[in-house]
Amino acid sequence: MANAETAHKPVMLEEVLGFLPELEQGLLLDLTLGAGGHSEALLAKTSQLVRLVGLDRDPAALALATERLAPFGDRFRPLHGVFGDARDVLDQAGINNEAAFVLADIGLSSMQLDSPTRGFSFRFDADLDMRMDSDDDGPRAIDLLDRKSPDELADLLHNYGDVGASKRFAKAVKVARREGKIAGTKDLADFCRSFFGGQGKIHPATRVFQALRIAVNREWENLDSLLKALPTLLAPGGVAVIISFHSMEDRLVKHAFKAHDAAGTLEILTPKPLVPSRTEQRVNPRSRSAKLRAARRIC
């Protein structure tokens with residue numbers, strides 16, 4: 001556990017804390033709890049009367065964060081669920097309070113990426129699973145390869161990963177899968193290398209794995225649902241901070257904030273997204289593509 005905690009570096013932590021309102025009491029929501037790094041800093045910076053609810057769909061992350069945040073006692077409460085369903089999950093848990101601060105750090109956590117068994121990374125030979133919630137009975141990445149038609153798979157790869165030659169690649173993958181040439185992550189990564197050619201700066205399997213992961217976990221659908229629900233989560237004057245790692249995710253956040261601003265429900269606090277400092281990018285290379293946007297609930 002300690003090693004995982006040490007390896008986990010909360011992205012843009014100082015920028016996140018900079019948007020935290022001054023509170024004597026109230027509710028904070030971390031809708032992508034992960035290893036609990038952001039939540040730990042939020043709880044440490046606020047008074048004893050401030051509570052935090054941490055939501056995550058990954059049971060392993062919940063267990064790790066619960067252990068890490070145990071020193072804060074009943075100020076912290078973990079909940080299992082998907083951030084796109086946050087309002088329903090909170091209601092079912094009897095938490096009807098509106099929050100003074102909402103954080104969502106969208107995308108894959110370092111813990112998941114570094115797991116040798118869950119199929120998120122082709123650095124390890126594992127099953128093509130990629131489910132963030134290992135208890136979810138939804139389709140795995142291998143199921144998408146099997147069940148999607150070539151055209152459906154091509155659209156998935158193009159829309160979620162901007163994979164080049166997606167139609168030809170999808171057809172080739174379907175054939176390779178039927179012939180038993182693709183079973184796990186290493187097989188798929190090797191197939192991508194043989195299909196797309198040289199590795200260059202970015203491994204040719206990177207976009208393919210990204211597209212499958214986003215589709216398996218319905219990440220963009222959940223982000224859209226969360227963005228629509230933000231005014232129902234925030235108290236008047238409350239602040240929402242969204243960190244995204246993909247250009248399409250950032251566009252979703254940007255357009256949703258603009259729509260809420262036009263409707264008079266949210267005030268945009270970041271006309272342009274904030275990005276990690278050069279120092280942070282050097283220390284934590286996985287932060288390089290991060291973009292942070294914030295908005296305040298209008299009283």
Side-chain angles (χ1 to χ4, degrees), residues 4 7 32 34 56-61 82 84 106-223 244-249 285-286 288-289:
T32 50
D56 207 289
R57 69 195 303 177
D58 187 341
V82 183
I106 308 301
L108 193 64
S109 75
S110 296
M111 290 186 303
Q112 291 162 337
L113 188 62
D114 292 337
S115 170
T117 61
R118 300 183 64 179
F120 291 109
S121 173
F122 45 81
R123 290 184 292 128
F124 313 103
D125 192 13
D127 293 337
L128 281 163
D129 191 321
M130 301 192 191
R131 291 171 300 169
M132 291 181 178
D133 183 349
S134 55
D135 295 333
D136 187 358
D137 58 2
R140 305 161 298 163
I142 196 70
D143 298 323
L144 295 183
L145 295 182
D146 289 340
R147 298 174 186 175
K148 296 289 185 182
S149 69
D151 286 343
E152 290 171 334
L153 184 57
D155 287 342
L156 181 159
L157 294 166
H158 174 73
N159 293 334
Y160 292 156
D162 197 22
V163 175
S166 60
K167 287 187 179 294
R168 287 196 301 110
F169 180 75
K171 290 178 181 178
V173 164
K174 296 288 288 186
V175 171
R177 177 68 184 144
R178 285 196 300 270
E179 293 177 350
K181 296 179 180 178
I182 297 177
T185 55
K186 185 177 185 301
D187 297 331
L188 180 57
D190 289 345
F191 182 84
C192 291
R193 184 183 290 111
S194 66
F195 183 91
F196 291 111
Q199 183 170 326
K201 291 184 178 180
I202 300 177
H203 192 289
T206 300
R207 293 182 182 274
V208 173
F209 273 65
Q210 171 189 292
L212 290 172
R213 187 204 82 225
I214 290 172
V216 164
N217 297 289
R218 304 183 70 251
E219 293 177 37
W220 292 357
E221 291 92 336
N222 281 307
L223 176 57
S244 61
F245 293 83
H246 188 283
S247 59
M248 180 58 185
E249 293 168 349
R286 289 176 181 172
R288 287 173 182 167
S289 61

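Here the structure is a predicted model, which is why all the values come from computation and not from measurement.
- V173 places a side-chain heavy atom less than 4.5 Å from the side chain of L145.
- The distance from atom CG of L156 to atom CG of L212, rounded to the nearest 0.5 Å, is 6.0 Å.
- Sorted by first and then second residue, the side-chain hydrogen bond (donor to acceptor under 3.5 Å, both in side chains) pairs with a member in residues 153-173 read Y160-E221; sequence neighbours excluded.
- Partners of F122 according to the ring pair (Phe, Tyr, Trp, His ring centres under 6.0 Å) rule, which considers only residues two or more places apart in sequence or in another chain, are H203, F209.
- Among residues at least two apart or in separate chains, salt bridge (Lys or Arg N to Asp or Glu O under 4.0 Å) pairs with a member in residues 139-148 are R140-D143, D146-R177.
- You'll find the side chain of P59 reaches within 4.5 Å of the side chain of D133, heavy atoms only.
- With a 4.5 Å cut-off on side-chain heavy atoms, L128 and I182 count as touching.
- For the pair P116 and A126, the tightest heavy-atom approach, listed with the atom from each and the gap, is O-CB, 3.5 Å.
- Of all heavy-atom pairs spanning R213 and M130, the tightest one is N-SD, 3.7 Å.
- With values rounded to the nearest 0.5 angstrom, I214 atom CD1 is found 5.0 Å from E219 atom CD.
- Two residues are said to be in side-chain contact when any heavy atoms from C-beta on lie closer than 4.5 Å; R57 and R131 fail this criterion.
- The two residues A189 and A205 have their closest heavy-atom pair at CA-CB, 3.9 Å.
- Applying the side chain to side chain donor-acceptor pair (under 3.5 Å) rule to S289 yields no partners; only residues at least two apart in sequence or on another chain are considered.
- Among residue pairs with one or both ends in residues 129-152, none qualify as ring-ring contact (aromatic ring centres under 6.0 Å, His included); sequence neighbours excluded.
- Legend: residues meeting side chain to side chain contact (heavy atoms under 4.5 Å, CB included) with D137, ordered by chain and number and at least two apart, are absent.
- Heavy-atom neighbours of K174 NZ from other residues, nucleotides or ligands within 6.0 Å: above the threshold of 12.
- Within the structure, no pair that satisfies the ring-ring contact (aromatic ring centres under 6.0 Å, His included) test touches residues 126-152, not counting sequence neighbours.
- For S121, the side chain to side chain donor-acceptor pair (under 3.5 Å) test picks out R123, with sequence neighbours left out.
- Remark: side-chain polar atoms of N222 are paired, donor with acceptor, to backbone N or O of N217 under 3.5 angstrom.
- For F169, the ring pair (Phe, Tyr, Trp, His ring centres under 6.0 Å) test picks out F191, F195, F196, with sequence neighbours left out.
- With sequence neighbours excluded, no residue satisfies side chain to side chain donor-acceptor pair (under 3.5 Å) with D56.
- In this view, D125 satisfies the side chain to side chain donor-acceptor pair (under 3.5 Å) rule with no residue, not counting sequence neighbours.
- In terms of the ring pair (Phe, Tyr, Trp, His ring centres under 6.0 Å) criterion, F124 has no residue partners (sequence neighbours excluded).
- In terms of heavy-atom proximity, A183 sits nearest to I142 at O-CD1, 4.1 Å.
- Between the side chains of H246 and Q210, at least one donor N or O lies within less than 3.5 Å of an accepting N or O.
- Minimum heavy-atom separation, R286 to F245: O-CE2, 3.8 Å.
- Inter-residue side-chain proximity for R118 and D129 is flagged as unmet; no heavy-atom pair is nearer than 4.5 Å.
- Between G161 and A211, the closest heavy-atom pair is N-CB, 3.7 Å.
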